[in-house]
Amino acid sequence: MVPVVRVRQDVRRKAVVLAWAALGTVFAILPPSPALAVPPTWSARFNGGSQDAYAEPARHPSIGNRAVATDALGNVYVAGNVSPNGSLGQQDFLVAKYDPAGTLVWYRTTDGGSQLRDTAFCLALSSDAVFVTGETCTSSNCDPDFLTVKYDAASGAERWARRADGPGPDVSGLNYDTTPCVAVDGSGNPAVAGTTHNPAPGNLRDFLTIRYNGATGDEFWRMTKSTNVVWSTDDFGAIGVGADGHVVVTGIGGDDRLLTVKYNGANGTEVWTHSATLVAEAFPHAIVLDAGSNPIVVGQTDRVSGDPKFFTLKYRGTDGFLLWLQKVNYAPLGDESAYDVAVDGGGNVYVTGRLKFFGLFGYFFQTVKYEALFGTQLWAHSFGTGLADDDYVPVAIAHSATNNRAIVAGAHMTTSGQDFFAESLNAADGNSAPLQVAANFREFDSAVSVAVDAAGNAFVAGSSHSPFGPGVQGDLRLVKYDPTLSQAWTRTEPALETHEVLGSLTPPQFGRKKTAIDSLGNTVVVGSTAPTASTSGADFLVQKYGPGGNRLWSRTIDGGSGLADYAVAVVLGGTSDIYVTGWSLGLGTDYDILTLRLNAATG
């Protein structure tokens with residue numbers, strides 16, 4: 001069987017959009033492919049038995065609410081997840097960088113080493129690196145550890161990856177380290193915190209905090225924190241690092257009160273601990289430290305009483321003294337929660353969350369500004385119709401110093417679907433000339449994170465997918481809004497055909513071989529593409545990009561049987577040759593190994 005090469009080209013000679021569904025983001029507007037296809041220099045098929053491998057396309061990428069950040073030059077970094085086997089059973093970290101124009105600079109995927117499910121939760125930037133942390137499963141029951149990866153901000157190269165196992169015994173169901181997040185200090189050293197199983201009798205869960213050397217990935221220190229209450233369940237909520245380099249972690253204590261602890265950044269010594277007796281039945285959703293390294297925590301309190309409320313509190317950074325607490329019941333008997341917080345240069349605090357009156361009707365956006373010294377409310381702004389099945393739920397907020405505006409992002413949900421929703425408020429009064437924008441990309445769109453750059457542009461990240469019908473796929477979605485909240489661009493990954501995947505693979509040890517970069521800065525990416533949702537006719541997909549992200553060529557290759565072919569790995573022979581290997585369904589031979597050699601210049 002002779003492999004067949006197909007070239008994608010726009011017969012009208014217009015630019016085409018390259019889209020990769022496995023990662024969920026449109027990377028660039030690209031020129032047409034060359035007109036002529038050059039066959040592989042050679043191809044080889046190996047059949048080692050009845051089935052050498054099996055693979056399916058990816059779907060269900062997702063991101064968390066700390067998954068987008070911007071640097072001083074206006075570049076945008078997004079973290080998420082991608083499933084290379086068609087389900088959440090196997091899932092890798094996904095990290096991508098875009099320039100201010102929305103052109104993809106690089107992307108990377110990372111497998112935690114077990115070839116199971118890896119879930120990225122948080123992203124943080126230093127001056128030259130991107131740190132991503134999340135969970136990595138260690139068994140078929142998951143039993144996750146923390147996974148933290150450092151990438152070079154310029155090239156995306158992985159500098160180090162570290163798994164962290166807590167003190168729990170190596171017994172399935174009793175050894176889990178979950179929901180971590182990361183923050184980084186001014187010297188580029190990251191701190192990671194999450195929840196770990198406590199093996200001590202009468203205890204269940206503790207905070208686990210780890211400080212890494214940013215250059216080497218070695219641990220400076222690790223600390224666990226427990227309230228030491230019988231059957232204690234201490235659940236991590238959020239982490240921050242102050243300008244003083246010390247680490248602050250907050251969550252729910254075993255006595256169901258807000259528990260916050262500050263560690264010395266150099267050696268992990270506990271500086272102070274505060275259990276907020278006035279904030280019971282609480283769950284913190286976010287933390288931020290102001291310029292004076294004073295922590296501000298927001299979330300929901302009185303959850304069990306049937307009348308949950310917004311709360312915002314501020315600690316003195318030096319000793320943990322409670323400076324002020326705002327525990328507000330905007331809607332009696334309603335469901336209220338603060339979800340995110342930002343501060344401006346003057347220390348003023350901006351909090352966004354949701355409220356619902358009397359537990360009925362629809363949710364509103366609720367955004368509040370407090371002054372820094374005493375926490376006096378300066379203004380409050382609500383947005384929504386209040387109608388049943390017409391919910392506005394914000395999840396993230398950022399403050400733009402350039403134009404003194406607060407930008408809130410979330411979702412507008414109705415019975416027919418869900419849209420991105422963003423709001424820009426005048427930070428001076430919260431009400432003059434508010435700007436709102438809704439964006440419907442697919443049936444189910446959810447904005448979950450927002451960041452602003454030095455020019456006042458807002459970058460909203462989330463997910464976009466259709467929940468209906470067979471073979472549906474989810475995409476990462478990144479939208480740039482200018483200071484007037486006009487959409488500048490959007491990037492996502494609808495398939496070139498119906499299904500598309502980069503590095504569709506089994507066995508999964510090839511997870512880090514999906515891309516290769518030559519000495520000239522060109523990048524080669526391999527994957528698979530299929531013309532129908534069944535993927536029964538999937539072909540190899542090989543694409544090459546220049547240093548600036550422009551596509552040089554794209555090739556699809558059928559293994560010769562017209563059946564399924566899945567490219568899983570690529571290596572380069574200098575700058576002249578490209579070697580691609582994967583799995584190809586043969587006629588009467590089941591899955592074989594297919595290896596190709598391509599001309600690097602022309603494909």
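All values below were derived from every heavy atom in this structure, side-chain atoms included, with hydrogens, water molecules and symmetry-related copies excluded.
Looking at residues two or more places apart in sequence or on another chain, you find no side chain to side chain donor-acceptor pair (under 3.5 Å) involving T312. Checked against salt bridge (charged side-chain N to carboxylate O under 4.0 Å, His left out), R162 has no partners two or more places apart in sequence or in another chain. Taking the ring-ring contact (aromatic ring centres under 6.0 Å, His included) definition, one finds that F236 meets it with nothing, sequence neighbours left out. Shown here are the salt bridge (charged side-chain N to carboxylate O under 4.0 Å, His left out) partners of D429, two or more places apart in sequence or in another chain: there are none. Judged as a salt bridge (charged side-chain N to carboxylate O under 4.0 Å, His left out), and not counting sequence neighbours, K369 has no contacts. Residues passing the salt bridge (charged side-chain N to carboxylate O under 4.0 Å, His left out) test with D235 are R205, sequence neighbours excluded. For the side chain to side chain donor-acceptor pair (under 3.5 Å) test, residues two or more places apart in sequence or in another chain that qualify with D390 are T385, H412.
Between the side chain of E135 and the backbone N or O of P180, no donor-acceptor pair lies under 3.5 Å. Not a single donor-acceptor pair under 3.5 Å links the side chain of S226 to the backbone N or O of D234. Checking side-chain atoms of D453 against main-chain N and O of T70 turns up no donor-acceptor pair under 3.5 Å. Side chain of N264 to backbone of G268: no donor-acceptor contact under 3.5 angstrom is found. W272 contributes no side-chain N or O that, together with a main-chain N or O of F321, makes up a donor-acceptor pair within less than 3.5 Å. No donor-acceptor pair under 3.5 Å is formed between the side chain of T352 and the backbone N or O of T367. The closest donor-acceptor contact from the side chain of D391 to the backbone of V393 lies at 3.5 Å or more, if one exists at all. A donor-acceptor distance shorter than 3.5 angstrom exists from the side chain of D177 to the backbone of G166, with no hydrogens or angles considered. Checking side-chain atoms of W160 against main-chain N and O of G214 turns up a donor-acceptor pair under 3.5 Å. A donor-acceptor contact shorter than 3.5 Å links the side chain of E371 to the backbone of T376.
Taken from CG in L125 to OH in Y151, the straight-line distance is 13.0 Å, to the nearest 0.5 Å. Atoms OG1 and CZ, on T133 and F121 in that order, are 9.0 Å from each other to the nearest 0.5 Å. Atoms CG and SG, on L147 and C137 in that order, are 11.0 Å from each other to the nearest 0.5 Å. With rounding to the nearest 0.5 angstrom, the CD1 atom of I210 is 5.0 Å from the CD atom of E219. Between the OG1 atom in T250 and the NZ atom in K262 there is a gap of 14.0 Å [rounded to 0.5 Å]. Residue I407 holds its CD1 atom at 8.5 Å from CD1 of I397, rounded to the nearest 0.5 Å.
At least one side-chain heavy atom of L94 sits less than 4.5 Å from a side-chain heavy atom of Y107. Between F311 and V298, the closest side-chain pair of non-hydrogen atoms is not below 4.5 Å. Considering only heavy atoms from C-beta on, I296 stays 4.5 Å or farther from L313 through its side chain. F364 places none of its side-chain heavy atoms less than 4.5 Å from the side chain of R354. When side chains are defined from C-beta on, P308 does not count as touching E336, because their heavy atoms never get closer than 4.5 Å. Within the 4.5 Å cutoff, the side chain of N457 has no heavy atoms near those of the Y481 side chain. A 4.5 Å side-chain heavy-atom check between C181 and V192 finds every atom pair outside the cut-off. The shortest side-chain heavy-atom distance between Q326 and W324 falls under the 4.5 Å cut-off.
Between F383 and F365, the ring-plane angle classifies as perpendicular under the 30° and 60° cut-offs.
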Between N267 and F220, is a side-chain contact (heavy atoms from CB on, under 4.5 Å) present by the stated rule, with each step listed? CA-CA 7 Å; N267 54 34; F220 281 134; over 6 Å; no
Could you walk me through whether V78 and V95 pass the side-chain contact (heavy atoms from CB on, under 4.5 Å) test, one step at a time? CA-CA 6 Å; V78 183; V95 186; over 6 Å; no
Residues V450, F459; criterion side-chain contact (heavy atoms from CB on, under 4.5 Å); working and verdict: CA-CA 6 Å; V450 62; F459 299 85; over 6 Å; no
For a side-chain contact (heavy atoms from CB on, under 4.5 Å) check, start with the C-alpha distance between V149 and F93, then their side-chain angles and the critical distance, and finish with the verdict. CA-CA 9 Å; V149 186; F93 281 17; 4.1 Å; yes
Hey, mind stepping through Y77 and D71 against side chain to side chain donor-acceptor pair (under 3.5 Å) and telling me if it holds? CA-CA 8 Å; Y77 303 82; D71 63 21; 2.9 Å; yes
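Among pairs with a residue in residues 282-294, those fulfilling salt bridge (Lys or Arg N to Asp or Glu O under 4.0 Å) read D290-K314, at least two apart in sequence or across chains. Annotation: salt bridge (Lys or Arg N to Asp or Glu O under 4.0 Å) contacts involving residues 118-132, sequence neighbours excluded, are absent. Applying the salt bridge (Lys or Arg N to Asp or Glu O under 4.0 Å) definition to pairs two or more places apart or across chains, none involves residues 399-412. Contacts classified as ring pair (Phe, Tyr, Trp, His ring centres under 6.0 Å) and involving residues 243-268 (residues at least two apart or in different chains) are given here: W221-Y263. Each side chain to side chain donor-acceptor pair (under 3.5 Å) pair with one or both residues in residues 180-192, not counting sequence neighbours, appears once here: D185-R211.
Side-chain polar atoms of Y212 and D218 form no donor-acceptor pair below 3.5 angstrom. With hydrogens and angles left out, the side-chain atoms of E423 and H381 include a donor and acceptor closer than 3.5 Å. Side-chain atoms of N348 and Y370 form no donor-acceptor pair, as typed in the model, at a separation below 3.5 Å. Side chains of N404 and H399: a donor-acceptor N/O pair is present below 3.5 angstrom, by distance only.
Classification of D92 and R108 as a salt-bridged pair fails, no side-chain N sitting under 4.0 Å from a carboxylate O.
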